[in-house]
Every structure is written in C-alpha cells, then in structure tokens.
Amino acid sequence: MYFIRTSCRCCGFAEVLTPPGIKAASSDEKLVKVFSLGLQPPANDFKKEDQEREGYAPLEVLFCPRCTLAQLSIVVRPDILYRTYAYTTSRSDTMLRHFDSLWDYIQTECHPVSLMEIGSNDGFFLQYAKAHGAEMVCGVDPSENLSQEARDGGVQTICGLFDKETAAMAHACVPSVDCIVARHVVGHVDDLRAFVKSLDLVANKNTLILIEVPWAKRLLERGEFDTVYFEHLSYITIKSMAALLENSPFRLHRIHEFSVHGGALGIMIRRRDHESAPHESVQTMMAQEDITADSWKEMAECSERSVEHLLSIVRSAVAKGKTVCGYGASAKCTVWMNACGFTRKEIKFVTDTTPFKQWCNVPGTDIPVVDPGALLREQPDYAIVFAWNYFVEIFGKERLYRENGGLLINPHQELSTQ
Ligand code: TMP
C-alpha cells in the first residue's frame with residue numbers, strides 16, 4: 001500500500017549517496033518526527049457499505065532542519081489515491097472569486113494564449129482560462145474519471161502523473177506554452193526533482209510557471225492539522241521551494257498569498273536566464289518565514305486540544321439528546337472523524353454536494369454522506385462545517401437552517417463565536 005521516505009524531497013537532507021555496487025550505509029542525518037495522527041485511511045477513499053476499502057496507514061510528519069520542508073514519512077501508492085478520485089474542483093462562489101484573483105495575478109506577468117495545467121482535475125480551471133482568452137489549453141491529470149470528465153467538457157487532457165512521458169505528450173499539444181499552472185499539486189508529488197526536470201521539458205524561455213500551494217506557515221499558525229492527509233506529501237515553505245530549485249534551470253520569480261483553502265501561495269517561477277529580475281516579493285515573503293521543528297510540535301499540541309474540544313461539543317450535544325451532522329465531506333472531514341473516532345451514533349450523516357461521494361461512507365467510519373437537502377429535511381441541531389474554508393459562504397447560504405434553530409459550527413473555532 002505504501003513505501004517509506006527518510007530523506008528530504010526538496011534539498012536531499014538525510015539522503016544516502018552510495019557509489020554503484022556498494023551496500024548503502026544509513027545516514028547520520030535524520031528528518032525530525034514532529035506530528036502524528038496515528039493510523040488513518042486515505043481521506044478520499046469514499047466507498048459504499050459493501051465495497052472493499054483500501055486500508056489504513058501511519059500518518060506522520062517529518063521535518064527537514066535544513067530547508068524547513070515538512071513531509072509525510074510514507075508515500076501511499078499514487079494509483080490507490082488517484083485512479084478514481086472523488087475530489088473535484090469546487091464550483092463555489094469562493095473558488096470562482098479565487099480564479100478571478102489568480103487570473104489577474106497571471107496578467108501582471110503575461111497574457112496567456114496557450115496554457116498547460118498540471119493536475120487539471122475535471123478541467124474547470126482550463127475552461128475558465130478558455131472563457132478568458134486562452135486559445136490552446138492542455139491538462140495533465142492522473143485520474144481516469146476526471147480526465148474523461150474534462151474531455152467531455154471540451155478540455156484536451158492527458159491522463160497520467162506529470163512525468164517525462166506525459167510532459168512530452170503535453171509539449172506536443174502546446175509546443176510553445178505561455179503559462180503552466182499547477183494548483184495544489186506540488187504537495188502531492190513524491191519525486192519533486194523529477195517533477196522539476198519534467199517542467200524543463202515543457203517550459204520555453206519565456207514560459208511563466210505558476211504553482212499554487214498551501215503555505216505551511218498558515219497551517220502552523222492556524223492549527224490546520226486537518227489538511228495533513230496522504231495526498232499531501234509535503235507542507236511547502238518558500239525556503240524549501242528555493243532549495244528545490246537550487247540546482248535547476250529555474251528560480252523563484254514572484255510570490256503572492258491568497259486566502260483560499262486556509263492560506264495559499266501563488267509562487268511564480270521563471271527560467272534563470274529570463275530577462276526580468278525576480279520580484280521583491282520573493283525576499284519579503286521568505287523573510288516572514290520562521291518555521292522550525294518546534295513550530296510543528298506546537299501545532300501538534302494545538303491539534304490535540306482541537307480534537308478534544310470537538311469531542312466535548314459533540315459528546316455533550318449527544319448527552320442532551322441533540323442531533324449532530326457534518327457539512328461537507330472534505331478530506332479534512334475524514335481527518336477530523338478519524339482523529340475523533342466518531343461513528344454514526346454521534347454524527348448522523350454528512351451532507352455533500354459531490355454526487356460521487358453521496359451514499360458512500362466517510363472513509364474509516366460508518367457515517368453516510370448524503371445529499372445537501374438532508375440538512376433542511378432532517379434539521380439536525382448542530383452541523384459541523386468540515387468544509388470550513390467555505391464557512392462564510394455556507395453561513396450565508398444556510399440561513400433557513402439557522403432560522404429554524406440549527407447551529408453551524410466551524411470545528412476550528414470556539415462554539416461561542418458562531
Ligand atoms: P474542499 O475543501 O477540499 O474543497 O472540499 C469541500 C467539500 O465540501 C467538497 O466535497 C464539496 C463540499 N461542499 C458542500 O457540500 N457544500 C458547499 O456549500 C461547499 C462550498 C462545499
């Protein structure tokens with residue numbers, strides 16, 4: 001199901017460099033174990049009652065003291081995680097607004113006519129790009145079901161992980177690409193150095209590469225432990241990205257922070273020999289990072305308090321005869337449910353707009369995912385918003401539920417603030 005990783009995928013710390021034919025000695029350098037959520041199921045392994053589950057694996061984070069990258073200690077086989085993938089890019093207003101900001105950000109550097117997206121999901125962003133002037137677009141995505149959905153929606157898509165084969169195919173589709181976008185992908189990639197080499201195959205001298213990643217700094221500050229799951233192999237810092245690019249033909253070019261998904265960086269990358277100088281944001285943003293192994297250990301303690309807090313809210317509600325449901329069967333929901341050990345006895349159901357997830361169980365639990373209409377049909381007393389990154393939007397949308405006496409709870413915040 002998985003294999004073990006002991007060295008840093010950005011800077012190579014703790015790597016054992018062995019001459020051919022000589023048995024590998026172990027390195028004295030060690031990545032530091034900073035966080036563990038015990039055994040967890042793959043967070044998007046949504047299965048119906050009678051379907052076989054993928055299993056459980058240890059979910060723990062190791063920290064690189066050299067480049068500050070935090071990374072999982074194991075890599076679950078990508079075909080298990082991505083072959084049939086339940087996650088589709090949200091059609092929410094929040095996401096559309098984010099696409100607008102991202103598009104404006106790209107325009108500060110170029111006006112792309114040709115665009116490539118790595119991890120193109122169901123093609124939603126490339127459709128947006130087409131509607132905003134891109135004429136040639138090509139996506140690369142490992143999920144068979146989502147690649148087909150993208151093609152059905154008119155977006156040329158190559159099915160596979162981004163490697164030298166799929167890079168060559170994508171290059172043939174858009175030979176002179178203005179902009180390459182990789183949104184929430186880099187954290188999913190095990191061999192990041194090979195990823196950079198594949199970028200080298202598709203990017204020409206002027207290509208702008210835009211990588212969007214959650215910023216580990218915000219995860220740590222806000223205690224967003226529920227964004228730690230098997231798809232997220234790395235918790236990116238600007239310093240670790242700089243370390244990754246150090247011996248490559250690329251350099252950091254410009255960085256902007258977006259509020260989406262609890263705080264994400266838009267990292268622009270250009271070839272070293274590109275005529276424009278790196279933007280001052282690279283240095284100013286990097287200077288804001290002060291992440292150490294202790295920052296992760298403090299976050300680990302905070303996550304224990306958060307889990308206890310949610311457990312106490314739900315237990316006392318159940319003891320008073322109140323009903324509780326979940327709202328949004330996000331991967332974060334799976335992490336919370338398994339960290340808290342919830343069953344259907346405590347959480348009756350979780351509503352979700354994604355048809356693929358409906359009538360499956362939240363991975364690792366017996367809790368069913370149901371259609372969003374169940375919120376008003378059943379009118380549970382509490383709805384825990386596991387899609388908390390859309391909390392403001394959901395709070396507005398579910399006015400009727402609230403007016404009927406329902407309480408929407410952000411699991412990261414105190415009950416009294418709702
Ligand atoms: P995400 O945070 O990874 O985008 O996942 C959010 C999940 O929540 C996704 O499965 C869709 C679901 N969702 C709803 O059910 N209702 C909503 O209003 C929103 C915004 C999301």
Side-chain angles (χ1 to χ4, degrees), residues 40-47 81-82 84-99 102 119-122 124-125 128 141 143 145-146 149 183-185 187-188 212-215 218-219 222 224-232 235 258-264 325-338 347-363 365 367-378 380 383-402 406 408-413:
Q40 288 266 343
N44 282 302
D45 186 28
F46 288 89
K47 295 280 165 60
L81 298 178
Y82 301 114
T84 315
Y85 200 40
Y87 179 82
T88 49
T89 310
S90 166
R91 264 61 175 162
S92 64
D93 293 349
T94 311
M95 193 50 69
L96 281 171
R97 273 200 306 278
H98 175 56
F99 282 5
L102 206 59
S120 46
N121 199 264
D122 60 359
F124 189 41
F125 180 73
Y128 176 98
D141 196 279
S143 149
N145 56 320
L146 297 181
E149 260 183 60
R183 301 187 47 249
H184 299 270
V185 168
H188 296 232
E212 186 183 317
V213 283
W215 193 8
R218 299 291 178 233
L219 182 163
R222 299 172 186 164
E224 292 164 356
F225 74 93
D226 50 345
T227 59
V228 175
Y229 44 85
F230 294 119
E231 280 94 333
H232 293 166
Y235 301 86
F258 297 93
S259 60
V260 75
H261 289 312
C325 81
Y327 190 114
S330 54
K332 300 181 281 292
C333 171
T334 302
V335 177
W336 276 104
M337 293 289 198
N338 285 278
I347 311 276
K348 297 291 170 214
F349 56 83
V350 180
T351 65
D352 197 283
T353 48
T354 319
F356 195 100
K357 296 180 185 177
Q358 289 163 11
W359 311 113
C360 290
N361 287 336
V362 174
T365 78
I367 302 167
V369 180
V370 299
D371 64 291
L375 191 73
L376 289 181
R377 279 199 311 273
E378 304 290 327
I384 303 163
V385 182
F386 292 110
W388 48 259
N389 39 329
Y390 302 105
F391 192 84
V392 174
E393 181 177 337
I394 290 168
F395 192 82
K397 194 162 72 172
E398 301 302 349
R399 189 175 50 84
L400 203 52
Y401 168 71
R402 292 189 287 112
L408 292 167
I409 298 174
N410 181 338
H412 280 292
Q413 281 169 16

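Just so you know, ligand 1 is whichever comes first in the structure, and atom 1 is the first atom listed for that ligand.
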>> Looking at every heavy atom in both F349 and I367, which two are closest together, and how far apart are they?
In response: CA-CG2, 3.9 Å

> Has the side chain of H98 got a donor or acceptor atom that lies under 3.5 Å from a matching backbone atom of F258?
Replying inline: no

>> Using a plain distance cutoff, I'd like to know if K357 has any nitrogen or oxygen under 3.5 Å from a nitrogen or oxygen of ligand 1.
In response: yes

>> Using heavy-atom distances only, which candidate in D352, V385, T353 approaches atom 9 (C) of ligand 1 most closely?
In response: D352

>> Quick check on contacts: which atoms of ligand 1 are under 4.0 angstrom from a heavy atom of I394?
In response: 18 (O)

>> Would K397 count as a contact residue for ligand 1, given that I'm defining contact as a non-hydrogen atom of the residue lying under 4.0 Å from a ligand atom?
In response: yes

>> Would the distance check show the side chain of R183 and the main-chain N or O of G119 forming a donor-acceptor pair, the cut-off being under 3.5 Å?
In response: no

> Would you say Y327's side chain and F391's backbone share a donor-acceptor pair under 3.5 angstrom?
Replying inline: no

>> Which of the numbered atoms in ligand 1 are under 4.0 angstrom from any heavy atom belonging to T354?
In response: 10 (O), 11 (C)

> Does S143 reach the main-chain N or O of L146 with its side chain, forming a donor-acceptor pair under 3.5 Å?
Replying inline: yes

> Measuring from the heavy atoms of F386, does anything fall under 4.0 Å of ligand 1?
Replying inline: no

> So, D93 and K397, do they make that salt bridge, N to O below 4.0 Å?
Replying inline: no

> Counting each atom of ligand 1 from 1 as listed, which ones have a heavy atom of K332 under 4.0 Å away?
Replying inline: 1 (P), 2 (O), 3 (O)

>> Please give me the minimum heavy-atom distance between A329 and D352, naming the atom from each residue.
In response: N-OD2, 2.7 Å

> What atoms of ligand 1 come within less than 4.0 Å of a heavy atom belonging to N389?
Replying inline: 2 (O)

>> Using a 4.0 Å cutoff against the non-hydrogen atoms of A387, which atoms of ligand 1 qualify?
In response: 6 (C), 8 (O)

> Given that the side chain starts at C-beta and the backbone is N, CA, C, O, which of these parts of T94 lies under 4.0 Å from ligand 1, counting heavy atoms, or is it both or neither?
Replying inline: neither

